Amino acid sequence: MPDKYRDFASLATAEPQGAFSISVRNTGTAVAIAAPHGGEIERGTSEIARAVAADDLSYYVFEGTKTQDNGDLHITSSNFDEPRCLGLLRAAYTVVTVHGENSEHEVVYLGGRDRAALESLRRTLPRYGFTAREHSNPKLQGLHPNNICNIGRSGVGVQLELSRGLRRTFFASLTCAGRMQRTPWLARFTEAVRQALLWNGL
């Protein structure tokens, strides 16, 4: 389905107050983590992004908070232009974005233009028990130069598309209440991603 809104200004004008929330933490790190479709848009991605960021990395999270139709708040990553997001990510050297993909297979689909970081993730994730692949859909490969994963100062970044099946293993369920109960697999995934990024010197 095409996005309802072409940019953030259109969304902010049309949606009622309280339809979404934005969280930003700028710690000045070279790597920034972002979840542009968090909350009830792509469930679990907010929690995963914050877990990867841990206590040290900068992060940006946009969360859908409506009681229904949160999919309306999805703006594709090459058009996502919320000002606080752009400010944080453009100041970082490298950006890692966290997204939710809809299949039930337990897979991390790796995308973005940072070849060295992607190779590190391909080596590291399987050692921690995760399947890592490239998505067959070019629209989910994070290659567009304007994709927010690629707007850091390096000009290249990483897009993590986590299947619904994989995200289910991180929480008691993908409901709002279920996401408050994390499983050991989320900590294991977080460790794997951070290990891969640190190994790559980010």
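What you see is a predicted model, and the numbers here were worked out from it, not measured in a lab.
For the pair Asn146 and Ile151, the minimum side-chain heavy-atom distance is 4.5 Å or more. With contacts defined as side-chain heavy-atom distances shorter than 4.5 Å, the pair Tyr109/Ser103 qualifies. In this structure the side chain of Leu162 reaches within 4.5 angstrom of the side chain of Phe189, judged on heavy atoms. In this structure the side chain of Leu160 never reaches within 4.5 angstrom of the side chain of Ile48, judged on heavy atoms. Looking at heavy atoms from C-beta onward, Lys4 lies out of side-chain contact with Asp69 at the 4.5 angstrom threshold. Put simply, the side chain of Asn150 does not reach to within 4.5 Å of the side chain of Pro145, judged on heavy atoms. For the pair Thr131 and His105, the minimum side-chain heavy-atom distance is 4.5 Å or more.
Judged by distance alone, the side chain of Thr97 and the main-chain N or O of Ala34 form no donor-acceptor pair under 3.5 Å. Of the possible polar contacts, one joining the His37 side chain to the Ile75 backbone as a donor-acceptor pair under 3.5 Å is found. With hydrogens and angles disregarded, no donor-acceptor distance shorter than 3.5 Å links the side chain of Arg164 to the backbone of Gly100. Looking only at distances, no side-chain donor or acceptor of Arg43 sits under 3.5 Å from a matching main-chain atom of Ser173. No donor-acceptor pair under 3.5 Å is formed between the side chain of Thr13 and the backbone N or O of Ser10. A donor-acceptor distance shorter than 3.5 angstrom exists from the side chain of Thr27 to the backbone of Asp56, with no hydrogens or angles considered. When atom types are taken as modelled, the side chain of Arg179 and the backbone of Leu174 share a donor-acceptor pair closer than 3.5 angstrom. In this structure a side-chain-to-backbone donor-acceptor pair under 3.5 Å is present from Ser46 to Gly39.
A salt bridge does not link Arg188 with Glu191: every distance from a Lys NZ or Arg NE/NH1/NH2 to an Asp or Glu carboxylate oxygen is 4.0 Å or more. Salt bridge status for Arg168 with Glu104: present, with a side-chain N to carboxylate O gap under 4.0 Å.
Heavy atoms from other residues, nucleotides or ligands lying under 6.0 Å from CZ of Arg6 number 12 at most.
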Applying salt bridge (charged side-chain N to carboxylate O under 4.0 Å, His left out), run through Glu63 and Arg50 and close with a yes or a no.
CA-CA 12 Å; Glu63 297 180 282; Arg50 289 189 177 102; 3.3 Å; yes

Decide yes or no on salt bridge (charged side-chain N to carboxylate O under 4.0 Å, His left out) for Glu119 and Arg123, but give the supporting numbers first.
CA-CA 6 Å; Glu119 182 57 32; Arg123 288 194 302 266; 3.5 Å; yes

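Under the 30°/60° scheme for interplanar angles, the aromatic rings of Phe62 and Phe20 are found to lie parallel.
Each of Tyr128, Phe130, Phe171 was scored for a ring-ring contact (aromatic ring centres under 6.0 Å, His included) with Trp185, with one residue passing: Phe130.
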